[in-house]
Amino acid sequence: MDLLQPQLLIWLLLAVAIVLVFVTNTDSPPLVSDRGPLHQPNPDQAQHYQIQQAFYRRWLDAFFSQQKVRQLAWFSFAASVVMALLLQRLAPASFVALLFVFTLVFWLNKGKQRWQQVVRHSLVIVLSLLLSLHLLPGFENWLQLEHIQLSEQSRPFSLYLNLDKPLVFFLLLLLLPDLTGRYQLNFGASVQLLSISLLAIVVLSLLAVALGFVALEWKLPDWWWLFALNNLLFTSVVEEAFFRGYLQRLCGEKTGPVVAILLVALLFGLAHLAGGVWYAMLAGLAGIFYGYLYWRSGSLAVAVAGHFAVNLVHFLALTYPALR
């Protein structure tokens, strides 16, 4: 990658916007509906939340208010879209269509009537799927690595910096300003969750090897950092925002946490069916893990961290993307 290319600014601005959104999650209310009856916060935890929130607010307010940082995130996002238009990575017709849809969702989100709720959720789901699957015309994603093969036994793949898929995150943020949630665990519970996460990553990796989908294969190509940043910000964040921050949260309000986690994990697996049946099954099992992280912590960032950790272990320690 040539770091001096002007078009790199598009993705830098997108990355800055995403990071700023997660920085401003400390005032979000606890996602009680997501946590369900399986977990009831105790007074000690409530005091821990208040101390944690006061610490973050004092640290952040020393530079900017929460509102100003969130506004800066939206400004950075808007600047990236305009840059994409100017550098011909986004067609003018697609730019106008996006502007119309974002404006419509913003307007519908202010309404309380049933039809407005149905229309806005339907619009968000359809557009999110089209953007994630790269089915909308007018986007020119930036190809970084074409048909590369990491080993003799691995399938070839290409690496893109996608412009369309990250837009899903901001569409969901427009619908749910508290999309990122708020971390709700004390130190002891955090250690327990970390232990469960490490065990889950090991089990998923060994299962993938046992199924013959991948093999143990240590590697560290010189462009690993590009894969890591791209996967974290433009893949893990977007997928977790849609499946956990949006769908699981929505389902959890109707069905409770267990059904929501399992149902969304099934959908997550089906979304990866293009990679094969084994890949879809492994993705579904991983989806249960990500869903648990989101429900247990109350934070989208924790689910993103778990998702990224699984992907990074897959890339560094196992055949990537899969055996031929």
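Sequential numbering from 1 along the given sequence is applied to the chain's residues. Predicted model only: the values in this text are computed from it and were never measured.
- Ring to ring, Phe157 and Tyr320 are close: their centroids are under 6.0 angstrom apart.
- The line from OG of Ser297 to CG of Leu185 is 6.0 Å long, rounded to the nearest 0.5 Å.
- When hydrophobic clusters are built by joining Ile, Leu, Val, Met, Phe, Trp and Tyr residues whose side-chain heavy atoms come closer than 4.5 Å, directly or via intermediates, Leu9 is grouped together with Leu167.
- Contact of the Trp142 side chain with the Gln5 side chain is registered, since non-hydrogen atoms from C-beta on lie closer than 4.5 Å.
- Note that CG of Asn231 and OG1 of Thr235 are 4.5 Å apart. Values are rounded to the nearest 0.5 Å.
- Val119 places none of its side-chain heavy atoms less than 4.5 Å from the side chain of Arg114.
- Inspection of the Gln66 and Thr24 side chains reveals no N or O donor paired with an N or O acceptor under 3.5 Å.
- The 12-atom threshold is exceeded at CZ of Phe308, counting heavy atoms of other residues, nucleotides or ligands nearer than 6.0 Å.
- Side-chain contact between Leu90 and Glu140 is absent, with no heavy atoms from C-beta onward closer than 4.5 Å.
- In this structure, Glu152 does not pair ionically with Arg324, as no charged nitrogen and carboxylate oxygen lie closer than 4.0 Å.
- A donor and an acceptor atom, one from each side chain of Gln7 and Arg89, are located under 3.5 Å apart.
- Put simply, the side chain of Leu318 does not reach to within 4.5 Å of the side chain of Trp218, judged on heavy atoms.
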- Query: Between Trp11 and Asn230, is a side-chain contact (heavy atoms from CB on, under 4.5 Å) present by the stated rule, with each step listed?
  - Reply: CA-CA 9 Å; Trp11 285 271; Asn230 183 49; 6.0 Å; no

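- A 6.0 Å sphere centred on CH2 of Trp223 holds more than 12 heavy atoms belonging to other residues, nucleotides or ligands.
- A 4.5 Å side-chain heavy-atom check between Val105 and Leu123 finds at least one atom pair inside the cut-off.
- In summary, the side chains of Ser190 and Tyr183 do present a donor paired with an acceptor at a separation below 3.5 Å, with no hydrogens or angles considered.
- Closest heavy-atom contact between His314 and Thr319: NE2-O, 3.0 Å.
- Considering all non-hydrogen atoms of both residues, Trp295 and Ile261 come closest at CB-CD1, 4.0 Å.
- Here the closest heavy-atom approach between residue Ile10 and residue Ser80 is recorded as O-CB, 3.3 Å.
- Scanning all heavy atoms of the two residues, the minimum distance from Leu143 to Ser158 falls at CD1-CB, 4.1 Å.
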- Go through Phe289 and Ser197 one step at a time and tell me if the side-chain contact (heavy atoms from CB on, under 4.5 Å) criterion holds. CA-CA 8 Å; Phe289 168 50; Ser197 300; 3.7 Å; yes

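- The nearest pair of heavy atoms linking Ser236 to Asn311 is OG-ND2, 3.8 Å.
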- Task: Before giving the answer on side-chain contact (heavy atoms from CB on, under 4.5 Å), spell out for Leu193 and Tyr292 the whole-Å C-alpha distance, their side-chain angles and the decisive distance to 0.1 Å.
- Result: CA-CA 10 Å; Leu193 191 63; Tyr292 173 78; 3.6 Å; yes

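- Evaluation of the salt bridge (Lys or Arg N to Asp or Glu O under 4.0 Å) test over residues 268-294, restricted to residues two or more places apart or in two chains, returns none.
- Separation of atoms CG (Leu104) and CG (Asn109) is listed at 10.5 Å; rounding is to 0.5 Å.
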- Could you please spell out the steps behind the side-chain contact (heavy atoms from CB on, under 4.5 Å) verdict for Leu136 and Leu127? CA-CA 9 Å; Leu136 284 184; Leu127 187 59; 3.4 Å; yes

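- For His307 and Phe243, the ring centers sit 6.0 Å or farther from each other.
- In this structure the side chain of Gln117 never reaches within 4.5 angstrom of the side chain of Gln113, judged on heavy atoms.
- Taking CD of Glu217 as the start and CG of Leu316 as the end, the distance is 11.5 Å to the nearest 0.5 Å.
- Under a hydrophobic-cluster definition in which Ile, Leu, Val, Met, Phe, Trp and Tyr are linked whenever side-chain heavy atoms come within less than 4.5 Å, directly or via other members, Leu175 and Leu130 are assigned to the same cluster.
- Residues Gly138 and Ser94 come closest through the heavy atom pair CA-OG, 3.2 Å.
- In the hydrophobic cluster analysis, where Ile, Leu, Val, Met, Phe, Trp and Tyr join through side-chain heavy atoms closer than 4.5 angstrom, Phe95 is grouped together with Leu87.
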Donor-acceptor pairs under 3.5 angstrom involving side-chain atoms of residues 268-288: please list them, not counting sequence neighbours.
| unit_1 | atom_1 | unit_2 | atom_2 | d |
| --- | --- | --- | --- | --- |
| His272 | ND1 | Phe268 | O | 2.7 |

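- Using cut-offs of 30° and 60° for the angle between ring planes, the Phe77 and Trp74 rings count as perpendicular.
- Proximity of Leu161 to Gln144: side-chain heavy atoms (C-beta onward) are separated by under 4.5 Å at one or more points.
- Leu198 and Leu204 are assigned to two separate hydrophobic clusters, defined by single-linkage of ILVMFWY side chains at heavy-atom distances under 4.5 Å.
- To the nearest 0.5 Å, atoms CG (Leu13) and CD1 (Ile18) are separated by 11.5 Å.
- Taking the side chain as every heavy atom from C-beta outward, Leu171 and Ser128 approach each other to under 4.5 Å.
- Using cut-offs of 30° and 60° for the angle between ring planes, the Phe22 and Phe169 rings count as parallel.
- Atom CE of Met83 sits about 9.5 Å away from atom CG of Leu8, to the nearest 0.5 Å.
- Tyr290 is linked by a side chain to side chain donor-acceptor pair (under 3.5 Å) to nothing, counting only residues two or more places apart in sequence or in another chain.
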